[in-house]
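A short write-up of the structure that comes next.
Ligands are counted one by one from 1 in listed order, and the atoms in each one are counted from 1 as well.
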Amino acid sequence: MGVTTGVLIKAFIFDLDGVLTDTAEYHYRAWKRLADEEGLPFTREDNESLRGISRRESLTLILKGRVYPEEKIREMMARKNNYYLQYIHELSPRDLLPGARELLDEIRAAGLKSAIGSASRNAEEVIDRLGLRPLLDAISDGYSVERQKPAPDLFLHAAAQLGLGPSECVVVEDAAAGVEAAKASGFRVVGLGPRERTGGADVVFPSLAGVHLSDILSALAPAVRG
Ligand code: B16
Ligand code: MG
């Protein structure tokens with residue numbers, strides 16, 4: 001089953017942090033705690049550039065060229081992750097962003113598939129705490145591929161798990177790295193948030209609040225027809 005917008009759309013692949021839930025705040029608090037302990041400057045603005053970026057790459061950006069032994073890098077990543085896990089311990093379905101659950105329900109009711117394409121190695125835990133697992137047909141996360149966003153591998157892995165090609169899937173992303181990853185490999189892309197961040201997407205909404213499946217499909221139709 002699928003929905004025709006010029007070509008057949010059969011699935012949605014959702015980024016997690018910043019799209020279905022706002023774990024960016026917890027990533028910020030965890031990195032900030034580590035940065036303070038290590039005497040490294042780190043602001044909320046710095047945190048914005050870490051959206052969709054893997055844990056290791058995030059630390060590299062925070063270190064701003066400072067060189068540390070691999071053992072120390074691993075220890076800092078583990079410490080940050082422990083803080084992050086403490087913060088998400090209380091996560092529940094109430095932490096789904098507005099419109100997320102409604103859209104997932106509409107997608108399922110229309111006979112389309114839903115998958116996750118998240119750079120996070122904590123994605124499965126977050127998904128379970130949000131109560132999303134019954135609504136998902138596939139999960140691709142920080143363990144699924146080696147090359148992280150902006151490489152397209154993660155979304156291609158999700159599409160392959162669904163048995164679909166990129167042109168049959170819509171990726172929903174909040175980060176420039178994710179939009180770039182999806183566009184590069186031929187997915188239709190819905191960007192969420194400011195255009196400076198998501199302007200490369202086929203269609204941009206401020207968030208999923210009040211956005212219905214029909215809104216997305218009709219907004220994508222001109223992009224699909226070219
Ligand atoms: P973890 P997404 C990304 O999630 C976050 O946006 C990014 O800030 C984080 O560093 C990355 O996951 C890795 O997360 O440390 O939990 O493995 O936006 O791709 O869902
Ligand atoms: Mg994201």
For ligand 1, note which part of Asp17 has a heavy atom under 4.0 Å away: side chain, backbone, both or neither. both

Verify whether one side chain among Tyr84 and Arg55 offers a donor that lies under 3.5 Å from an acceptor in the other. no

Determine yes or no for a side-chain-to-main-chain donor-acceptor pair under 3.5 angstrom, with Asp15 supplying the side chain and Ser118 the backbone. no

If you count the atoms of ligand 1 from 1 in the order shown, which ones are under 4.0 Å from a heavy atom of Asn122? 1 (P), 16 (O)

Under a 4.0 Å N-O cut-off, is there an ion pair linking Glu70 with Arg56? yes

Return yes or no for this condition: an N or O of Arg55 is under 3.5 Å from an N or O of ligand 1. yes

Salt-bridge test for Arg129 and Asp95: reply yes if a basic N is under 4.0 Å from a carboxylate O, no otherwise. no

Are any of the heavy atoms in Gly18 under 4.0 Å away from ligand 1? no

Proximity to ligand 1 by part of His27, non-hydrogen separation under 4.0 Å: side chain

So is Arg51 polar-close to ligand 1, meaning N/O to N/O under 3.5 Å? no

Would you call Met77 a ligand 1 contact, heavy-atom distance under 4.0 Å? no

Main-chain N/O of Ala138 paired with Gln161 side-chain donor or acceptor, under 3.5 Å: no

Pick whichever of Leu16, Asp15, Leu85 has a heavy atom sitting closest to atom 2 (P) of ligand 1. Asp15

Contact check, side chains of Leu192 and Thr198, non-hydrogen atoms, under 4.5 Å: no

Using a 4.0 Å cut-off to any heavy atom of Ser58, which atoms of ligand 1 qualify? 10 (O)

Asp17, N/O/S atom nearest the Mg ion (ligand 2): O

Mind checking whether Lys149 has a heavy atom under 4.0 Å from ligand 1? yes

Which protein heavy atom lies closest to atom 19 (O) of ligand 1, and at what distance to 0.1 Å? Ala119 N, 2.7 Å

Salt bridge check: are Arg44 and Glu48 linked by an N-O gap of less than 4.0 Å? no

Could you tell me whether Lys64 and Asp46 make a salt bridge, using a distance below 4.0 angstrom between a side-chain N and a carboxylate O? yes

Checking the side chain of Asp128 only, and the main-chain atoms of Glu125 only, is there a donor and an acceptor separated by less than 3.5 Å? no

Return yes when at least one N/O/S atom of Glu173 is nearer than 2.8 Å to the Mg ion (ligand 2), and no when none is. no

For ligand 1, is there an atom lying under 4.0 Å from some heavy atom of Ala175? no

Of the choices Ser140, Ser49, Ala177, Ser120, which has the non-hydrogen atom that lies closest to atom 12 (O) of ligand 1? Ser120

Looking at Lys80, which atoms of ligand 1 are within less than 4.0 Å of one of its heavy atoms? 15 (O)

Quick check: of its N, O or S atoms, which one does Asp15 have closest to the Mg ion (ligand 2)? OD2

heavy-atom search around atom 20 (O) of ligand 1 in the protein gives Ser118 OG, 2.7 Å

Could you pull out, from Ile53, Ile116, Asp141, the option with a heavy atom nearest to atom 9 (C) of ligand 1? Ile53

Tell me if a side-chain donor or acceptor on Asp17 pairs with a main-chain N or O of Ala24 at a distance below 3.5 Å. yes

Identify the closest protein heavy atom to atom 17 (O) of ligand 1: which residue and atom is it, and at what distance? Arg121 N, 2.7 Å

Non-hydrogen atoms of Ile53 and Ser58 that approach each other most closely: O-OG, 3.2 Å

Can a salt bridge be assigned to the pair Glu38 and Lys72 using a cut-off of 4.0 Å between side-chain N and carboxylate O? yes

Return the closest protein heavy atom for atom 8 (O) of ligand 1 as residue, atom name and distance. Leu50 O, 3.2 Å

Just give me the atom name: the N, O or S atom of Asp174 closest to the Mg ion (ligand 2). OD1

Between Arg147 and Asp153, is there a side-chain N and carboxylate O pair less than 4.0 Å apart? yes

